[in-house]
Amino acid sequence: MADTALPQARPDAEIILCVSAKEGLVAIPVGEKYSYGHTALRSTGAFEKQKAGVHVLRDLSTMRDAMSSLVQAAKLYRVALTTSPRPYLGDYAQELASCLPGSWTATFEVYAHPVWQEDWIPLLWDNGELTEAMERCRIPYGAVLTSSTGAELLLIEQPGAPGGYLLGACASSTFDDNYDNPFAPPAIALPAYPRLAAAQVTSRFLPAYERAVHERLLTEVENGHRQLEDFRQSGGLDGGAVHGSRLGHTADHGAQSSAAVLRRLRPHAAHLLVRTLEAAAPSQEDRAALDRLAALLGTERGERPASVFRTPAPLPPASADDVRRWLANAPVLLKHARAALPPAAETGSRKALASAPRALAAPTTSGRGR
């Protein structure tokens, strides 16, 4: 990929050609007039269109004739042809995912129009090079790595570093204040060799990511719990107990406010509870308290939050009675959640990340919401 900053704009219509060891020759139409690229490729009759606008020439014995036709079509439709010095990113993403611990999938994506790339900014959870690259450079495509435990990572070619790649985190769907978030794990620069890159991701990035997720959730839940304790100490949980007086009005307002706090807290607490139960070994008494919280938060099945790429479900309502149930059992969760904080990088990763790698099928392709 030709690495250029946004001020040095790429052509309005461009086809990027990459070599794939598995697919053959991959053609990726990009630019504000990317549809011209699709038209040019279709007119050759040699390229097979895949999902997300990727075209593939599988029979390389026909390359000379196919490229001759493509050059003529590109001139006709005013499409620039660019040969990437890198191999197809989808191949790298697939091999990287297959070498990571646990179960991972790799999905290649095309951000043909620059606006599609901009859609990524609020979804990133990164304070490093990945966010900077997505904001300042034209990134025509990337790959999303997704684990069975819910982690979602974005992989791109590193601008200005031939053969290098960048991998960073996507935010949890339960948070919407991800830009410049202090908990965000910085992206990691990866070498051109997927197996070496996987070793670096496993030893450095994943432990840092897991710890950051846990710390962010724990901080959010502790702050919310502290607010609810303040309501209780101020008598704000007895709404409706003393009607017809200013005290009764204040109590009603406090009950409504505390319910609103719990409503906002619920998705973070549910995620933290699932993570904590995976790592904790509570006593029978503590387990009963955690089970009561699971019933309150709706996490009996141990489900992880939905993908950040899906619109989250509306938050369920909360009542004053829900607040009381939370206050009675939450200290047990906080105790075990603090003890379950994952180790820092280079000291090992969480149990969920420690299983053996498995092979993956070829990566699927998609366009983010396009």
Side-chain angles (χ1 to χ4, degrees), residues 1-6 8-34 36-38 40-41 44 46-60 62-64 66-71 73-75 77-97 106-114 116-117 120 129-130 133-134 136-145 154-167 189-194 197 362-367:
M1 155 178 152
D3 299 316
T4 56
L6 282 175
Q8 301 171 312
R10 298 184 77 114
D12 288 338
E14 179 183 16
I15 295 174
I16 301 175
L17 299 170
C18 310
V19 176
S20 167
K22 300 178 180 179
E23 302 290 343
L25 183 64
V26 179
I28 310 171
V30 299
E32 294 185 9
K33 298 180 180 178
Y34 64 91
Y36 292 12
H38 286 291
L41 286 162
T44 67
F47 287 82
E48 176 185 343
K49 185 177 181 182
Q50 306 292 304
K51 295 179 180 179
V54 172
H55 297 250
V56 175
L57 179 65
R58 299 187 185 278
D59 185 0
L60 297 184
T62 65
M63 181 178 291
R64 177 176 294 183
M67 288 305 301
S68 177
S69 298
L70 181 58
V71 168
K75 290 180 179 179
Y77 294 103
R78 298 181 179 180
V79 178
L81 296 179
T82 301
T83 301
S84 173
R86 304 175 188 251
Y88 174 50
L89 180 63
D91 289 351
Y92 182 94
Q94 178 195 359
E95 187 170 355
L96 175 63
T107 304
F108 180 79
E109 300 189 331
V110 178
Y111 318 123
H113 197 286
W116 302 1
Q117 176 183 331
W120 257 104
E129 293 183 66
L130 181 61
M134 294 297 284
R136 297 182 55 189
C137 304
R138 180 67 175 103
I139 308 296
Y141 45 76
V144 175
L145 275 60
L154 175 64
L155 174 72
I156 64 170
E157 296 171 345
Q158 185 177 15
Y165 298 86
L166 288 175
L167 181 75
L190 300 176
Y193 306 100
T364 57
T365 56
S366 72

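What you see is a predicted model, and the numbers here were worked out from it, not measured in a lab.
Nearest heavy atoms, Asp91 versus Ala21: OD2-N, 2.9 Å. Taking all atoms of both residues into account, the shortest heavy-atom contact from Val26 to Ser20 is CG2-CB, 3.8 Å. The nearest pair of heavy atoms linking Arg138 to Ala112 is NH2-O, 2.5 Å. Smallest separation of non-hydrogen atoms from Ala133 and Leu166: CB-CD1, 4.2 Å. Contact between Tyr141 and Ser84 at its shortest, heavy atoms only, is OH-OG, 4.3 Å. Across every non-hydrogen atom of Ile16 and Pro140, the tightest pair is CD1-CG, 3.9 Å.
Atom CG of Asp59 sits about 11.5 Å away from atom CZ of Phe47, to the nearest 0.5 Å. From Ser69, atom OG reaches atom CZ of Arg64 across 13.0 Å, with rounding to the nearest 0.5 Å. Atom CG of Leu167 is separated from atom CD1 of Ile156 by 9.5 Å, given to the nearest 0.5 angstrom. To the nearest 0.5 Å, atom OH of residue Tyr92 and atom CG of residue Leu190 are 4.5 Å apart. For the atom pair CD (Gln94) and CG (Leu145), the distance works out to 10.5 Å, reported to the nearest 0.5 Å. In this structure, Tyr88 OH and Lys22 NZ are separated by 10.5 Å, a value rounded to the nearest 0.5 Å.
A 4.5 Å side-chain heavy-atom check between Ile15 and Leu41 finds at least one atom pair inside the cut-off. Using a 4.5 Å cut-off on side-chain heavy atoms (C-beta onward), Met67 and Leu17 make contact. Between Phe108 and Ile28, some side-chain heavy-atom pair lies under the 4.5 Å cut-off.
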- Determine, stepwise, if the pair Met134 / Gln117 fulfils side-chain contact (heavy atoms from CB on, under 4.5 Å). CA-CA 7 Å; Met134 294 297 284; Gln117 176 183 331; 3.8 Å; yes
- Show your working on side-chain contact (heavy atoms from CB on, under 4.5 Å) between His55 and His38 and close with a plain yes or no. CA-CA 8 Å; His55 297 250; His38 286 291; 2.9 Å; yes
- Query: Run the side-chain contact (heavy atoms from CB on, under 4.5 Å) check on Leu70 and Leu81 step by step: do they pass?
  - Reply: CA-CA 9 Å; Leu70 181 58; Leu81 296 179; 4.1 Å; yes
- Run the numbers on Leu25 and Leu60 for side-chain contact (heavy atoms from CB on, under 4.5 Å), then give the verdict. CA-CA 7 Å; Leu25 183 64; Leu60 297 184; 4.3 Å; yes
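In this structure, Arg86 forms a cation-pi arrangement with Tyr165, its terminal cationic atom sitting closer than 6.0 Å to the ring centre and no more than 45° off the ring axis.
When the shell of 6.0 Å around CZ of Arg78 is examined, it contains 12 or fewer heavy atoms from other residues, nucleotides or ligands.
A ring-centre distance under 6.0 Å is found for Trp116 and Tyr34.
Under a 3.5 Å cut-off, the side chain of Glu32 and the backbone N or O of Asp12 do not form any donor-acceptor pair. In this structure, the side chain of Glu95 does not engage the main chain of Tyr193 through any donor-acceptor pair within 3.5 Å. Remark: side-chain polar atoms of Glu157 are not paired, donor with acceptor, to backbone N or O of Gly164 under 3.5 angstrom.
Checking Tyr111 against Glu109 by side-chain atom types alone, a donor-acceptor pair falls below 3.5 Å.
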